[in-house]
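Report on the following structure.
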Amino acid sequence: MFSYVFMKILESRPRSYDRAMDKASRGRVKQMKEDVAAEVPNGSRVLEIGCGTGELAAMCIARGSTVQGFDASPAMVEVARQRIEEEGLADKMTVEQIGVDGMDSLLNATYDAVVSTLVFSELSDDERRYALKNARRVLKPGGICVIARSEEHTSELQSH
């Protein structure tokens with residue numbers, strides 16, 4: 001859907017990232033996020049890998065979930081924190097600046113759902129395996145992991 005370089009250019013402008021991605025994709029990225037959010041059971045405790053500006057998190061919150069998000073980009077985390085403040089989401093969302101390599105600090109069996117959009121397209125094979133291993137570890141029994149990559153449509157991984 002998008003080239004890595006194009007996405008990096010958009011990420012360098014985090015305040016306009018969502019709007020630019022929506023325009024460049026003709027609404028497909030926003031629809032992808034809406035599709036991912038729709039897969040999350042209402043009222044879930046959600047972990048978002050690569051939360052960016054918090055757009056997907058806000059969609060999950062609108063469905064009654066609470067979200068803990070993280071992103072490696074300090075600029076994206078700052079925009080997500082501004083969104084939390086502006087939209088009054090402080091009781092429903094937290095965000096921190098870490099990469100997937102920091103997932104080992106997350107507690108086991110804590111989340112009903114783990115979600116991510118586009119981030120896995122930017123990870124190496126080793127990083128993807130590490131993130132998926134930790135996603136499974138932090139999911140509660142029966143939890144769901146929904147990941148959307150730019151090369152693929154939404155795929156789902158059930159945890160037992």
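Heads up: numbering here begins at 1 and tracks the sequence. Below, each value reflects all heavy atoms present in this structure, side chains not excepted, and no hydrogens, waters or symmetry copies.
- Here the SG atom belonging to Cys145 is positioned 8.5 Å from the CZ atom belonging to Arg136, to the nearest 0.5 angstrom.
- Placement of Tyr130 and Ile98 in two distinct hydrophobic clusters is found when ILVMFWY residues are connected by side-chain heavy-atom separations under 4.5 Å, directly or transitively.
- Across all their heavy atoms, Val114 and Ile49 have their closest contact at CG1-CD1, 3.6 Å.
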- [ ] Check step by step if side chain to side chain contact (heavy atoms under 4.5 Å, CB included) holds for Leu118 and Val29.
- [x] CA-CA 9 Å; Leu118 303 178; Val29 169; 4.1 Å; yes
TODO: Test side chain to side chain contact (heavy atoms under 4.5 Å, CB included) on Tyr111 and Val46 and set out the steps.
DONE: CA-CA 6 Å; Tyr111 302 95; Val46 178; 5.8 Å; no
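- The two residues Ala135 and Met103 make their nearest non-hydrogen contact at N-CE, 3.8 Å.
- In this structure, Asp71 contributes its side chain and Gly52 its backbone to a donor-acceptor pair below 3.5 Å.
- Arg45 places no side-chain N or O within 3.5 Å of a backbone atom of Ser65 that could act as its donor or acceptor partner.
- For Ser44 against Pro41, the heavy-atom pair with the smallest separation is OG-O, 2.6 Å.
- Side chains of Glu96 and Gln68: a donor on one and an acceptor on the other come within 3.5 Å.
- When all heavy atoms are compared, the tightest approach of Ala72 to Gln97 is O-NE2, 3.5 Å.
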Task: Steps toward side chain to side chain contact (heavy atoms under 4.5 Å, CB included) verdict (Ile147, Val115) - done: CA-CA 6 Å; Ile147 298 168; Val115 297; over 6 Å; no
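- Separating the CD atom in Glu48 from the CE atom in Met59 is a distance of 10.0 Å, to the nearest 0.5 Å.
- Between the Thr110 side chain and the Val138 main chain, no donor and acceptor come within less than 3.5 Å of each other.
- Residue Glu39 holds its CD atom at 9.0 Å from CZ of Arg63, rounded to the nearest 0.5 Å.
- The backbone N or O of Leu106 sits less than 3.5 Å from a side-chain atom of Arg137, completing a donor-acceptor pair.
- A distance of 7.0 Å separates OG1 in Thr94 from CD1 in Ile84, rounded to the nearest 0.5 Å.
- The pair Lys140-Asp112 counts as a salt bridge, with a side-chain nitrogen and a carboxylate oxygen less than 4.0 angstrom apart.
- In this structure, Glu78 CD and Arg83 CZ are separated by 13.5 Å, a value rounded to the nearest 0.5 Å.
- With Phe120 as the aromatic partner, Arg128 does not meet the cation-pi criteria of under 6.0 angstrom to the ring centre and within 45 degrees of the ring axis.
- Taking CG of Asp35 as the reference point, atom CG of Leu56 lies at 10.5 Å (rounded to 0.5 Å).
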